[in-house]
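Structure, as structure tokens:
What you are looking at is a predicted structure, and each value in this text was computed from that prediction instead of being measured.
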Amino acid sequence: MRLTRALLLATCLTLATPAMAQEKPVPTPEQVLGHRMGEDRYVPSYDDMMAYWKAVAAVSDRVKLVDIGPSTEGRRQVMAVVSSPENLAKLDEYRETSRALGAAEGIDAAKAHVMAATGKALVWIDGGLHASEVEAQTALIAQVHDLVSSDDPEARKIRDNVVTLFVPDNPDGQQFVADWYMRFKDPMKREADFKSLPRLYHPYVGHDNNRDFFLATQVETQNMVRVLYRDWRPQIVMNQHQTGPAGTVLFLPPFRDPFNYHYEPLVISSLDEVGATLQSRLLSENKGGATTRSGAHYDTWYNGNLRTSTYFHNAVGILVEIIGSPVPETIPFVPERQVPGNDQALPAKPGPWSMAQSVSYSLSLARGLLTYAANNREKLLFDRWQMGANAIAKGSTDSWTISKDRIEAAHAALAERGGKPKPVRTRGWSEIDADLYDTVLHDPAQRDARAYIVPVDQHDFPTTAKFLTSLSRLGVEMDRAEEPFTAAGKTWPAGTYIVPAAQAYRAHVLDMFEPQHYPNNFAYPGGPPIPPADASGYTPAFQAGVEFARALDPVEVKVRPVSGEIAPDAQPIADAGVEGTSGGWLVSHDQNDAFRLVNRLQAAGIAVSAYKTPLAVAGRAVEPGAWFVPVSPKARGIVEEGAKSLGLTVQAVAAAPQGERLAVKKPRVAVVDLYGGLHPTGWLRWILDGQELPYSIVYPQELDKGGLAKSYDIVVVPDAAIPNARSGVDGGMFRGRFDSVQPDPKDMPAKYRASLGDISAEKTIPALKAFADAGGTLLAMGSSSSGLAAALKLPVADPLLVEKDGKRVPLSNTQFYVPGAVLTADANSADPIAWGLNPKVDLFYDSSPVFRPTAPGTSVAVSFGEGALLHSGWAWHPEYLKDTAAVLTVPQGKGKVVLIGPEIALRAQTQGAFKILFNAIALSAARPQGK
């Protein structure tokens, strides 16, 4: 029977009636590119992909190429849309149906059923987000060829019922990786892996482009979320990655817990359904080796990945992690993987494995996914509406989100009244008094917000505007009040922003404003923690320092919708009209973009200074750090443009106020990088470019030469640059450095040879010390702060070490564990490094270094003090951080060392703490006024 079915399937795949066939045959990738997809020692570039897709589009009416925007390096990011010719002729209609059902606004169930019946399912399939995972982009080319060229009944049914969006995620990275790999003309000289890549494969953020999907800082992300969450809104997203867990071929959904409690439950049931369908497809073809759930660390908690962001937008996000290398590899023998179970029904046989085999699996997965979509077209469309309608309903009435903290509150309430839980048979849980369901879990004071109110008059509204822009990019609808109104116990002025919860993407809205309550997740009571797949807490509103209020009741006010780029309002210059030669402008230090203005002024050769003490000017209080810009025609134009386009707070003064000032020259900035590229350096480059601050990238070879003080005022040593011996602070998910292999210089282009080398105790550390001794500023961040402190023998102690067996060792992770969470710290306004910060500042902390000074002269800018530290995420015994320094300055010779333990530049998210970095850079070139 199996043989007969195989023969029938082969007949279906190879025969087509003349009416079904295209007028011109679709060329194969080999015919256009000279290579088979999955061929050993071949990696297709983005140019190859575009050449093939254009060749197919030239002869087929089943594909349409759509330009979705530019890449970082200026390439065009092109999406291949595949469906039947009839569907492509009505593409705008089907796209609008999908968009409207995804938005759900103004559509009732009856209309949704009609629209679902007449619409087509939209499915997104991508590849190449992580450009060194070359199986994905190879498969993407093969999948387009298969769906366009095939005329078997399954392919026809797919094209008739589904519009498939094939999307290359990272054009620049795909081109760079392929060019690097294929630089050897002799295939046998090509490398077995991609560990020798000389730089990040996304020009700024490398692997972290898959951590950018709730802020959308990078242009490629912006292109993709516009398709995903605004213009097209596909119901299913397949995000193709590699590699599979050791001993398997691939990972597929369903996922392990924890489950993020914000999104619609139908998301997860649909995700499980599609995942099971794909598993069954592989098994029906005797393709074993797929694992799921506990077979890997992936979960559905974090919002920043491409596929995880879909869950907060009512779409089904499928992650594929598959083995695959251009050079044949081996599936290792992992004995525990050989026991069949629910999470791995058909184990893989250890042994050799080729890229061609992986591509064969990927073709099966695409067929299985698209057949599911064709068979469930109406269900997918209607369910997308249903999830959106549910979200709108929840946001329109009293509702509650139940998370671990509310369960703990229910148990605490029982204990307070002297009650005792009754054991039940299920998993060791217990039954408690039923009335606590209403009084605690549904406490009126704990209900979800109906809206989030974001005032314009706040500490740093230009940064808040960037946060609102990110919401808009991700499809969130928001309004501005056209008149004053009262809500959340306060009267708000016209112009206030309102983000309503009653919208289809309510889950995303809540996740952006509310703390994540990650559950205590241990292997067993008293055992080691089970790490999250990514950050346990990340609330962007907290990280950006956004001031907002939760409206628990309906907000009644006349509004106008706003979308797109949210620019801060142009600010009138207070007491405008500076005359003469002694006056000028005071620019508030509170706003991040004040540094951008200062950089523009310095680029124009205009001197600026900063006040060390508070001022009182024209009845207004001015905090320390205020920038003073002396009057001149050139300065006037730059300052007025800054107030207009950047929304900065500027005050004109007839004369420079009395007070001690620092003259701030244009700083000469060096940022350390290593061969292969540090992700923290990439993010720093993106941040500094956005601030229009010139800098130089320096590698160990240049550092080792010494004499750095001749060229630089500050050397910034990012997270992960300096080796660190302390356990738990030596790299990992958040520190973004993957082990690289440095090739022989003769085997690489000359432009990359200067980046070879490593930071060493013998040469680099003495050169850095000499730089500081000569008056320079060393700034070390994240794990590098601990590494540099130890290497320079700075007078600081590590408070997270304890005595054990006569040695100082790190606290175990059963004693202290913070796996990527948002913690609240205290800023010391008397320290210039803390100028412009809120008194309470949120920092991203991931087992980060903290310090305790052991000698006088050290200045602490930011510390963990009294009160609750955890603001979002998971922190096990954070009290160990009490009274520790997070940011401090240590004198070193004529210069200084600034140590920043938490990762303030991580993924460009902790924008409320960026001033720590900006201040350190600016102060490196500061001298008392007149000196």
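A side-chain contact (heavy atoms from CB on, under 4.5 Å) with Y372 holds for exactly one of L380, L278, V162; it is L380.
For R337, there are no salt bridge (Lys or Arg N to Asp or Glu O under 4.0 Å) partners two or more places apart in sequence or in a different chain.
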>> Evaluate D747 against R753 for salt bridge (charged side-chain N to carboxylate O under 4.0 Å, His left out), listing each step before the verdict.
In response: CA-CA 10 Å; D747 290 335; R753 292 172 188 165; over 6 Å; no

> Does the pair E154 and R159 meet the rule for a salt bridge (charged side-chain N to carboxylate O under 4.0 Å, His left out), with working shown?
Replying inline: CA-CA 9 Å; E154 184 180 49; R159 289 193 297 267; over 6 Å; no

>> Under the criterion side-chain contact (heavy atoms from CB on, under 4.5 Å), I'd like the reasoning laid out for Y311 against F259: C-alpha separation, chi angles, the key distance, then a yes or no.
In response: CA-CA 11 Å; Y311 312 143; F259 173 110; over 6 Å; no

> Yes or no on side-chain hydrogen bond (donor to acceptor under 3.5 Å, both in side chains) for E133 and T243, after CA distance, side-chain angles and deciding distance?
Replying inline: CA-CA 7 Å; E133 299 172 4; T243 186; over 6 Å; no

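In this structure, the side chain of Q357 engages the main chain of S354 through a donor-acceptor pair within 3.5 Å. Side chain of S536 to main chain of P532: no donor-acceptor pair is present (N/O by atom type, distance under 3.5 Å, no hydrogens or angles). Between the side chain of T292 and the backbone N or O of P254 there is at least one donor-acceptor pair closer than 3.5 Å. Within the 3.5 Å criterion, the main-chain N or O of G368 finds no donor-acceptor partner in the side chain of T371. Remark: the backbone N or O of S270 is not paired with any side-chain donor or acceptor of E273 at under 3.5 angstrom.
Aromatic ring orientation, F251 versus Y298: tilted (interplanar angle from 30° to 60°). By the 30° and 60° cut-offs, the orientation of the rings of Y518 relative to W874 is parallel.
Taking a cutoff of 4.0 Å between a charged side-chain nitrogen and a carboxylate oxygen, R156 and D151 do not qualify as a salt bridge. A salt bridge does not link D212 with R907: every distance from a Lys NZ or Arg NE/NH1/NH2 to an Asp or Glu carboxylate oxygen is 4.0 Å or more.
Pairing each heavy atom of P171 with each of Q77, the nearest pair is CG-CG, 3.9 Å. Between V134 and F194 the shortest heavy-atom distance is CG1-CZ, 3.6 Å. Contact between A721 and I759 at its shortest, heavy atoms only, is O-CD1, 3.4 Å.
With values rounded to the nearest 0.5 angstrom, Q242 atom CD is found 11.5 Å from L250 atom CG. Atom CG of residue D744 and atom NZ of residue K746 lie 4.5 Å apart, to the nearest 0.5 angstrom. The structure places OH of Y181 at 10.0 Å from OG of S196, a figure rounded to the nearest 0.5 Å. To the nearest 0.5 Å, atom OG1 of residue T221 and atom CG of residue D169 are 9.0 Å apart. Rounding to the nearest 0.5 Å gives a distance of 8.5 Å between NE2 of H679 and CZ of R211. Rounding to the nearest 0.5 angstrom, the gap separating the CD1 atom in I530 from the CG atom in N521 is 4.5 Å.
Inspection of the D719 and S784 side chains reveals no N or O donor paired with an N or O acceptor under 3.5 Å. Judged purely by distance below 3.5 Å, without hydrogens or angles, the side chains of H207 and Y201 pair a donor atom with an acceptor atom. A donor-acceptor contact under 3.5 angstrom links the side chains of N239 and H241, judged on distance only. With 3.5 Å as the limit, one finds a donor-acceptor pair spanning the side chains of Q143 and Q240. Neither side chain, S71 nor E220, offers a donor N or O lying under 3.5 Å from an acceptor on the other. Side-chain polar atoms of S360 and K287 form a donor-acceptor pair below 3.5 angstrom. A donor-acceptor pair shorter than 3.5 Å cannot be found between the side chains of N303 and T308. Between Q174 and S45, the side chains place no donor N or O within less than 3.5 Å of an acceptor N or O (distance only, hydrogens not considered). No donor-acceptor contact under 3.5 angstrom links the side chains of S358 and E135, judged on distance only.
For the pair R199 and F176, the cation-pi criterion (under 6.0 Å, within 45° of the ring axis) is fulfilled.
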